[in-house]
Amino acid sequence: MNKTLILITLLTTYLSFSQDKFTISGTLKDQANGETLLGATIFLKGTTIGATTNEYGFYSLTAPKGDYTLMISYLGYKTIEHPIVLDKNVKFNAELAEDTGQLDEVVITAEESKKVNLRTPQMSVAKLSSQTIKQIPAVMGEVDVIKSLQLLPGVSNAGEGASGFNVRGGAEDQNLVLLDEAIIYNAAHLFGFFSVFNTDAIKDIKLYKGGIPSRFGGRASSVLDIRQKDGNSKDFKLSGGIGAISSRLAVEGPTFKDKGSFLLAGRTSYANIFLALVGNENRAGFYDLNLKTNYQVNDKNKLYLSGYFGNDNFELSNFFTNSYGNLSGNLRWNHIFNDKLFSNLSLIYSRYNYALEINSQGIDWTSDIDNYNLKYDLGYYLNDKFKFDFGASGIYYNFNPGELNPLDETSGINPLKLDNKFAFEAGIYAGLEHKISDKLTAQYGLRYSYFNRLGKQTLNDYENGQPVVYNSQLDIYERADPIGETEYGSGKSIADFGNLEPRLALSYQLNEKSSIKASYNRIAQYLHLISNTISATPLDVWAPSGKFLKPQIANQFAIGYFRNFRDNMFSIEAETYYKTIDNRVDYIDGADLIAQNTIETEILIGESRAYGLELLLRKNKGKFTGWLAYTLSKSEQRTPGGAAGGLGINNGNWYSTPWDRTHDISFTGTYKLNDKWRFGSNFVFQTGRPVTYPNGQFQYNGLSIPTFSERNADRLPAYHRLDISATLTPWKNKDRKWQGEWVFGIYNIYNRRNAASITFGQNVDTGVNEATRTAIFGIIPSISYNFKF
């Protein structure tokens, strides 16, 4: 490693002096709290030489010798103009202010530059700040990261009250959700009503829908990269809120004699109190805790420690008790080798656990996932035309699918332990951003991933290797009988896979206001969420690829047009995409997935595809800001019988996935009347999701037996609603340290009873068949109080 660094340093020195070029590097922070700024743009005025800050606020750019004006801009902040004499390597750290001010030899202007955003090849990225999310009306007044992302094109969910989200027609398990680089397996509180992300603790949110950089891997559809705040390094601050369902509190401040900072944020619900007051024996609640601290060892080294812990509890009378939660921790070391080479080493732990007690049956059920992740990422800023990033990672998984124990000796339940599954996933990647000309920029990437399903397990053997067989007489798929067993000892490999994952993105700037971009990415996904419900539940099982489960392979193409107009007051983004996924898991009719030790006997392997058009119109300036998003899309899958025989699901034809949405329209707007009042509104319309309805019935032994149409051949009614909010900021806030605001909201103002499901049954008294619509929410008013000190 030392020899490599010496060679890189020698190469850098040679290029700098032989071409008479020099480097400007540094770190950008928020002037008020010392938070590093991720994604800020830096360029030399009058040139096309620019850069953006990385996840830790570091930037580096190289230019020929000369006199320049350095421009630094970040959304929501004033642009800095700073004169630079470039006759040697320069280190320039800066702090950006929201309000107009004066720094030494620094002029603050109101101009925001969008040039670098148009030039960068990165596309299909949705980015939201916590400030924007807090202005969006939300159910029960609780602002939510996931539900805010669903207001953007290409992002939807499985229905009201459903957990998770779907991106460009992909399933929920095809989204990689990261909180400070740690994997979050279940991002939902209260079965999807809220997400696990506390906006008081969040600094940056990025959702990669396509054009996914090569440093990410492991999921077929998207990457949600969420970064926590570092904590205020200048003053002790307190913030929080009191709402109808939950309250939150965050404290932050400097540590280690101003060499570091910390953030501690907590949130808890108190629905249990209200349920008890009205005599309801049910219980429902959640809590979570965010922690982050850092220490500046010296100018070149910085340490970070971050963590998250959250848990949900739900009790239905004395019938059953359910709890589940996430735990994660990350120790990171930032090191700056020189003004061109930046590195980050991370040691990460993630855990997801689930527990269920059924009192009437005397059952105690538990399951969990543990993973340990070591990753090393480096960024090398060669010159104004080339920027490299490269690194490697390794993840060790331990899956406990479930363990059944009796609650007491009288329950009569026999203990049952499903087989633990072990796996190791590794990846090595390299990426290059190449400015080919003043108008054309390319981003190349290549990732090699390796997955090894490890032993310490005994697996069934089946005739012809087929765990599912087709019964031609009954026209159904059945579980095959095992013909033997194979034992894989500890340290043995059950199956291993290796995949090359190329990435390519191009950007061509048509003029100062517009550009076109195109991208391609190939990703291998080695983990599968085994679930035959529309929305994932905590009972669902994550399973690794292996002897019977092959990795999902996704290929996605996208092309888009981007334009800023009316002096950047408006922007428009239009993208079209086409995505295919091989080895997509599908389920036989009547699949039994609960406490199933042989999942392979319940599934068939098929393929899926999704394609669509996304439009996003934003208004970025003025008293009224917001966006209008529209998605026209199709998501479908096909599952032939293959070696199992038969025609497959729906006769092997393409059919709609449960998360297919033909039309998806959302409008989000905020109007600032004055410093006292701010108003917000959402409107959402979606085509109803695909479902399977009965199409007839027959009588058997006095019973009415329904028959069904083809899978997902019908749809629920269209979904739509309107939300409004009003935020009151008292005038007296201006002259005191305690800052407070009242947020009044109405969710679903015209009380639309959107169907979460429609069930069919026979009226016991009349014998008439009936359809029953189940709705989660009607109209919901809310009030909450937010504060900071």
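What you are looking at is a predicted structure, and each value in this text was computed from that prediction instead of being measured.
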Report yes or no: do Tyr520 and Arg522 form a side-chain donor-acceptor pair below 3.5 Å? no

So salt bridge (Lys or Arg N to Asp or Glu O under 4.0 Å) across residues 149-158, not counting sequence neighbours, yields none

The side chain to side chain contact (heavy atoms under 4.5 Å, CB included) partners of Leu506 (sequence neighbours excluded) come to Ala442, Leu504

Sorted by chain and number, sequence neighbours left out, side chain to side chain donor-acceptor pair (under 3.5 Å) with Ser545 holds for His528

Residue pairs passing the salt bridge (Lys or Arg N to Asp or Glu O under 4.0 Å) test with at least one member in residues 638-647, sequence neighbours excluded, are Glu607-Arg638

Sorted by chain and number, sequence neighbours left out, salt bridge (charged side-chain N to carboxylate O under 4.0 Å, His left out) with Glu602 holds for Arg479

Arg715 meets the salt bridge (charged side-chain N to carboxylate O under 4.0 Å, His left out) criterion, sequence neighbours left out, with Asp660

Contacts of Glu710 meeting side chain to side chain contact (heavy atoms under 4.5 Å, CB included) (sequence neighbours excluded), chain-then-number -> Asn650, Asn651, Ala713

Partner of Trp542 under ring-ring contact (aromatic ring centres under 6.0 Å, His included), picked from Phe399, Tyr185, Tyr526, is Tyr185

Residue set satisfying side chain to side chain contact (heavy atoms under 4.5 Å, CB included) with Tyr429, at least two apart, ordered chain then number -> Ser214, Arg215, Asp377, Asp389, Arg447

Tyr450 meets the side chain to side chain contact (heavy atoms under 4.5 Å, CB included) criterion, sequence neighbours left out, with Tyr448, Asn452, Asp496

Taken in chain and number order and not counting sequence neighbours, the residues that satisfy side chain to side chain donor-acceptor pair (under 3.5 Å) with Lys417 are Asn400, Asn420

Taken in chain and number order and not counting sequence neighbours, the residues that satisfy salt bridge (charged side-chain N to carboxylate O under 4.0 Å, His left out) with Asp370 are Arg351

May I ask you to check whether Thr486 and Asp461 show a side-chain donor-acceptor distance below 3.5 Å? yes

Between the side chains of Asp419 and Lys421, is the shortest nitrogen-to-carboxylate-oxygen separation below 4.0 Å, so that they form an ion pair? no

Hits for salt bridge (charged side-chain N to carboxylate O under 4.0 Å, His left out) against Lys209, two or more places apart or cross-chain, chain-then-number order -> Glu614

